[in-house]
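Right, one structure below, let's go through it.
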Amino acid sequence: MKLPIYSNLKAKLESKGLDSTTSGQIAWFVCSMGIFIPPMLYLYQDQYTFLFFMFFIFVFNLLYIANVFPFSLVIAFIWTHIVYSYDFREIIYILVVAFIVLVLICFILKKWRFLVTFCFGMAFVFFSLKLFQMLGGFYK
């Protein structure tokens, strides 16, 4: 079965030299954002709608079994930052060092798919949270 956007994007990424699984992962992530962001913008009522759609995109990408471990690490990083940033300001430095060590381990072991999934997940969650804060965050 050929999915119009997914199949074309995956074929284009494979033609650029990426392996089949990595290109499929990137295409899956881009397509899931393309499916959920336009309705979110159309249905945008408040920041809770935005948070719900961003959370749904993240969960939708967890349905792909190879994403479970990298995205679980993303959740652990974000949860650690949110929980400990109020009491322990230096946690950001620890998380940055942990991120760099994880990236170096992925480079050394040549785990490109894990690295790409983890980095895309971190960027997605980071920018989603920043956008959520720009929209007003939680009401007090």
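Since the model is a prediction, treat every value here as computed from it, not as a measurement. Sequence positions, counted from 1, serve as the residue numbers for this chain.
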Specify the closest pair of heavy atoms between [X] and [Y], including all atoms of both residues, with the distance to one decimal.
X   : Y    : answer
L95 : F77  : O-CE2, 3.4 Å
L9  : A27  : CD2-CA, 3.6 Å
F71 : G121 : CE2-CA, 3.4 Å

Do [X] and [Y] share a hydrophobic cluster (ILVMFWY, side-chain heavy atoms under 4.5 Å, transitive)?
X    : Y    : result
I78  : V96  : no
V125 : W79  : yes
Y93  : V101 : no
F124 : I75  : yes

Check your understanding: Is the gap between the ring centers of F118 and F69 under 6.0 Å?
Key -> no
What distance do [X] atom [atom1] and [Y] atom [atom2] have between them, rounded to the nearest 0.5 Å?
X    : Y   : atom1 : atom2 : answer
K12  : S23 : NZ    : OG    : 13.0 Å
H81  : I92 : NE2   : CD1   : 5.0 Å
C119 : F99 : SG    : CZ    : 4.0 Å
L73  : T80 : CG    : OG1   : 10.0 Å
I26  : T21 : CD1   : OG1   : 9.5 Å

Exercise for review: Scan residues 103-114 for pairs that pass side chain to side chain donor-acceptor pair (under 3.5 Å), counting only residues two or more places apart or in two chains.
Suggested key: Y64-R113
Check your understanding: In a check of side-chain contact (heavy atoms from CB on, under 4.5 Å) between I100 and each of V103, L104, L102, which one passes?
Key -> L104
Exercise for review: Ignoring hydrogens and angles, tell me if any N or O in the side chain of T22 forms a donor-acceptor pair with the backbone of D19 under 3.5 Å.
Suggested key: no
